Amino acid sequence: MKALSTAEIPSTYDPRLVEDKWYSFWEKSGFFHTTVNAEQEPFSIVMPPPNVTGQLHMGHALDNTLQDILTRWKRMQGYNALWLPGTDHAGIATQARVEESLAKEGLSRYELGREEFLKRVWVWKEQYGSRITTQLRRLGASCDWRRERFTMDEGCSEAVLEVFIKLYQKGLIYRDYYITNWCPKCHTTISDIEVEHLDQPGHFYHIKYPFKDGGGHVTLATTRPETMLGDVAVAVHPGDERYRDLVGKILILPLVGREMPIITDEYVDPSFGTGVVKITPAHDPNDFEVGRRHDLPQVIVIDKEGKMSEEAGPRYQGLDRYECRKKIVRDLDAQGYLLKTEDHAHAVGHCYRCNTVIEPMLSRQWFVKMKPLAEPSIEAVKNGRIRFIPERFTKIYLNWMENIRDWCISRQLWWGHRIPVWYCRDCEEMTASKAPVKKCARCGSLNVEQDPDVLDTWFSSALWPFSTLGWPRQTLDLAYYYPTTVMVTGRDIIFFWVARMIFSGLAFMNEVPFRDVFIHGLVMDALGRKMSKSLGNGVDPIDVIESHGADSLRFMLVTGNTPGNDLRFHFERLEGARNFANKLWNASRFTLMNLEDFDPEGRPGAYTLADRWIISRYQAVINDVTGYLQAYELGEAARVLYEFIWSEFCDWYIELAKPRLYGKTNQTDRYTAQSVLSSVLKGALELLHPFMPFITEEIWQHLPGHGVTIMRAPWPAARGELIDQDAEHEMGALMDVIKAIRHIRGEMNVPPGRRAEVLLVAPDKAVRAVLEKGTGYIEALAGAAIKTHKSLEQPPEQAAHAVTRGVEIFVPLKGLIDVDKEVARQEKELAAVEKELARVQGKLSNPGFLSKAPADVVEKEKAKEEELSSKQTAIKERLSMLTGGK
RNA sequence: GGGCGGGUAGUUCAGUGGGAGAACGUCUGCUUGACACGCAGAAGGUCGUAAGUUCAAUUCUUAUCCCGCCCA
């Protein structure tokens, strides 16, 4: 694959000319593909599977960018890096989409029938299934597509069956009547964590329930008066003195006339409301528990459509639950039972899919018994076999695991893994089996039918880290890549997914599914709101890639963000990343323009100070970037590279190299500059490649000594002998002088074209030597003509003045100096120096500081004092000269 | 009610037990033979509030207020 030729490198980087080209080169060349290799250490990540018919959103973009950075980095480090991709069948979401499309044809799934409907879903899946994987390619994801999996493919489905049967045989899967969360719109049960609790304004209705015999009543408050039709008791706390005498008495349920007892139960909070609670076992999870303890009947008054059932009585039957609420309130009021209505905000459960208010509903469902599975999962995290990054998520995970409740796994859907249980209609025998059951094992009847429900989608994704590697078969892949190295995912699915993978891995592989869990935050809009369809505030990553390039998007997502924290999407930050790409592009363009006659085989001459400095800085950057990646501080790693490339390489090194490249006087020195320029650039590209894969490949392919692909270039290793403290120190001093002169030029409005005469005064011999060595640098970068002195007998009066570490700077400006203005400038500087000096001296005169602070800190403060006080002296002298001693 | 995160420059965010940083925005000046998606310079912060630990706190501890999230 060819990069653009040097002659056609445009001055503005255009990702569209570059990205697709390199991606298909990588993929076709098989660079993403890996296989078991016992000689090599594995590094493995399985991708959190996106919804097969969904499309890429910013959350995916972030999640996959992080994974790609880690994978590309480890691959360059020489690991056998596997990033295994795949998609999820997303039961509710996908089924809902297909039902919507059917609705447009005026059809329902029931009219179509199960088999025909499923055919339609598969067609839908074939049609849209490649959209998201195509989009991931555009992001640059270097995952091994030859291993792509799907939660409903043959292997994953087999894993699901295997797990279900094993859990069933161990007694960890059971079927029971229970209160579950029913979504009247999706027509299915959902698990506890799929319910989102939102605070909503509502009312507290205070109602009186009269006694059967004699007068009097008890008062209670409810937010859901319509459920009173299903009331079967009233409860008070056993220790509540106020109601002690009433326990056991019989009440008459208003509007209904049902007789019901007053009971006691610990669940009642005597300090809340009136301390009296109505008990509706069929429509409230807490009441359900109370009902079980007291063996109360269950009266179902709301049906699966969210409408009042026959049990609700003829007056209310068929009414929507909210219509019914209004009618009940009116009726209670009319009959004098309603005492008062208060405003009351309370948390209401909503379906995470369709946002409909959940109806707690009594029904028969399948559950996984969680306690025995949770225990080893708690242990694995507590003893460090699994590590959360950042660490604080450990507590969130443990807290949830320790209070775990059984997991409702059946869904009243058609799209998914059908529950492998058959019922005999004749003898009611129940058989769980991997193979279809045709005949009842007990009575031999052929009148058997399979459970109509499917499993929760998360049931199959819980197996993802091992089902994708071949389980339940004991494959070589499984032995080599499992447990995976790291799981990268959003903080919003720790419970849904991470926790479930952990207990599944432990239960079926006898080993944790991953060592590290790298948790990231959510991508919010610019105002800090969650991106959502209903708000219409989502930003489409594909639009961003088309306008600014995938590299810019990736870089923007990864910078200025700390692990676990949310990230706001600011367009300005995207532009910043795009500008950085362009900067890199132009620095490379400059380098390549000056490299046309470069001989990669040649040997460079002596390094200049600037060479030694940038080479030394580059070693430090290698160490920093590698260290930050190791610590999952991807944002810091990116920041270090940004600063190195922009501020040090471009702003200083390239500028210092220019005279050496343009002037043809010294071919050896020119060659040396070419060599340093190209080698540091090449190394910087390699360090940046995991973050910005496309642009780095494009440029790298032009550089001398490049290989087949930057993807497979060895990760740069710092060489300690190239770290050059002297060079860094000397360059630092020269940079300070240059900055001081530029400052003066700016302040004094010296026209840029004009070459300023500058006098440098340095009493110290070593400092003078540095200045003399660096005269060329100062002259080139400060636009000045330099003369260096040990001291000046008669400092020029018409001059601007500055002091940096051991160097006094005079910029003579005959006729341009406004003495008053210069005095004011110096006074301001003096005040700043003296303020700082006072602070330092305060410290140094504190005996506690001298005796207790570490020696190096004290030394540092002393050196600072010395520098500040010499600066103070110089400024004072200058001031007294300017004001003529007045 | 419990837990967690955040409160640092005009804005968005990094960071740290010992001299407050970046990007964007603002101001000044620049067709400087890579780049105006650029170059050079500048202004701008009592690091939410109060107490404590320490020689030293923006950083650690406690309390408190505000914002957000999760759980009940």
Side-chain angles (χ1 to χ4, degrees), chain A residues 9-14 192-193 195-197 269 272 285-286 347 390 392-396 398-400 403 491-492 494-495 521-522 524 526-530 548-549 552 556 559-562 564-594 633 635-636 638-639 642-643 646-647 650-651 654-655 657-658 661-662 677 738-753 780-783 836 839-840 842-854 856-858 860-861 863-864 867-868:
Chain A
I9 298 176
S11 69
T12 302
Y13 173 59
D14 185 354
D192 291 335
I193 51 176
V195 178
E196 283 181 358
H197 295 274
D269 177 358
F272 190 76
N286 292 312
R392 66 184 142 91
F393 288 102
T394 307
K395 214 172 142 184
I396 293 174
L398 287 176
N399 184 45
W400 188 73
N403 296 291
R491 61 166 170 76
D492 52 332
I494 294 175
F495 304 145
L522 275 35
M524 307 296 208
L527 300 173
R529 300 172 304 182
K530 223 167 156 172
H548 289 72
S552 300
M556 177 268 175
T559 46
N561 177 237
T562 24
N565 284 4
D566 291 344
L567 162 87
R568 290 194 196 187
F569 191 96
H570 285 279
F571 194 70
E572 297 78 16
R573 299 219 309 109
L574 180 68
E575 285 188 328
R578 191 263 325 260
N579 295 352
F580 176 57
N582 198 51
K583 186 72 181 176
L584 176 64
W585 182 253
N586 275 288
S588 307
R589 186 163 162 262
F590 169 84
T591 302
L592 294 171
M593 282 163 54
N594 285 286
E633 301 270 2
E636 284 296 283
R639 184 188 56 78
Y642 181 95
E643 284 174 6
W646 199 311
S647 308
C650 293
D651 289 348
I654 285 186
E655 294 306 322
K658 277 180 182 172
L661 295 166
Y662 295 152
L677 203 53
I738 291 165
K739 284 182 205 163
I741 297 171
R742 284 172 171 173
H743 182 162
I744 289 172
R745 294 185 64 121
E747 292 273 292
M748 295 291 145
N749 295 320
V750 180
L781 295 200
E836 183 66 9
R839 208 184 57 79
V840 173
K843 262 187 178 178
L844 288 169
S845 61
N846 178 348
F849 177 73
L850 294 174
S851 61
K852 296 195 178 174
D856 60 314
V857 173
V858 176
K860 230 171 112 185
E861 292 297 311
K864 200 187 294 172
E867 195 193 325
L868 286 166

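Below, chain A is the first sequence line, B the second, and so on; all start at residue 1. Computed from a predicted model, the values in this text were never measured in an experiment.
Atom-to-atom, CG of A:N594 to P of B:rA34 comes out at 7 Å; the value is rounded to the nearest Å. Atom CG in A:N403 sits about 18 Å away from atom P in B:rC70, given to the nearest Å. Rounding to whole angstrom units, CZ of residue A:F393 and P of B:rC4 are separated by 12 Å. Going from atom CG of A:N846 over to atom C1' of B:rU54 covers 11 Å, rounded to whole Å. A straight line from CG of A:L527 to P of B:rC67 spans 17 Å, rounded to a whole angstrom. When the P atom of B:rG3 is taken as reference, atom CZ of A:F495 falls 15 Å away, rounded to whole Å. Taking atom CG of residue A:L781 and atom P of nucleotide B:rU32, one finds them 16 Å apart after rounding to whole Å. One atom, OH of A:Y662, and another, P of B:rU32, lie 12 Å apart when rounded to the nearest Å.
Judged by the 6.0 Å distance and 45° axis criteria, A:K583 is not positioned over the aromatic ring of A:Y642.
Ranked by how close their nearest RNA chain B nucleotide is to the 5' end, A:I654 and A:L850 are led by A:I654.
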(request) Using a 4.0 Å cut-off on protein heavy atoms (strictly under), produce a 5'-to-3' string for nucleotides 13-23 of chain B with B for base contact, S for backbone-only sugar-phosphate contact, and - for none. (result) SSS--BB---S

(request) Summarise how protein sits on nucleotides 35-48 of chain B as a single string, 5' to 3': B when a protein heavy atom is under 4.0 Å from the base, S for sugar-phosphate-only contact, - for no contact. (result) B-BSSSSS------

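Judged by distance alone, with hydrogens and angles left aside, the side-chain atoms of A:N565 form no donor-acceptor pair with the main-chain N or O of A:G521 at under 3.5 Å. Formation of a donor-acceptor pair under 3.5 Å by the A:N582 side chain with backbone atoms of A:Y13 is found in this model. A donor-acceptor pair is defined here as one N or O able to donate and one able to accept, closer than 3.5 Å; such a pair exists between the side chain of A:N403 and the backbone of A:N399. Side-chain atoms of A:W585 come within 3.5 Å of backbone atoms of A:P10 as a donor-acceptor pair (strictly under, hydrogens ignored). In this structure, the side chain of A:R573 engages the main chain of A:T559 through a donor-acceptor pair within 3.5 Å.
Classified by interplanar angle (parallel below 30°, tilted 30° to 60°, perpendicular above 60°), the ring pair A:F571/A:H548 is perpendicular.
Spacing between B:rU49 and B:rA57 at atom P, rounded to whole Å, works out to 15 Å. Separation of the P atoms belonging to B:rG6 and B:rU16 is 12 Å when rounded to the nearest angstrom. If you take atom P in B:rA56 and the same atom in B:rU28, they sit 46 Å apart, rounded to whole Å. For B:rG18 and B:rG29, the P atoms lie 40 Å apart once the distance is rounded to whole Å. Using atom C1' as the reference point in both B:rC70 and B:rA9, the two lie 32 Å apart (nearest Å). To the nearest whole angstrom, the two C1' atoms, one in B:rA72 and one in B:rC66, are 24 Å apart. Comparing the same atom, P, in B:rG19 and in B:rU58 gives a spacing of 11 Å after rounding to whole Å. For B:rA40 and B:rA36, the P atoms lie 14 Å apart once the distance is rounded to whole Å.
Base pairing analysis places B:rA40 opposite B:rU28; the two distances defining the Watson-Crick or G-U wobble pair are each below 3.5 Å. Nucleotide B:rA14 forms no Watson-Crick or G-U wobble pair with any nucleotide shown, as no partner meets the under 3.5 Å limit on both distances. Pairing for B:rC47 is absent, judged as Watson-Crick or G-U wobble with the two contacts each under 3.5 Å.
Residues A:S11 and A:N586 share a closest heavy-atom pair of O-ND2, 3.0 Å. Counting all heavy atoms, side chain and backbone alike, A:K530 lies closest to A:L522 at CE-CD2, 4.0 Å.
Heavy atoms of A:N399 sit nowhere under 4.0 angstrom from any nucleic acid atom. Residue-level contact check: A:R745 touches neither bases nor backbone, having no heavy atom under 4.0 Å from any strand.
We find that A:K864 and A:E867 are not joined by a salt bridge, their nearest charged nitrogen and carboxylate oxygen being 4.0 Å or further apart.
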(request) Apply side-chain contact (heavy atoms from CB on, under 4.5 Å) to A:R742 and A:L781, showing your working. (result) CA-CA 9 Å; A:R742 284 172 171 173; A:L781 295 200; 3.8 Å; yes

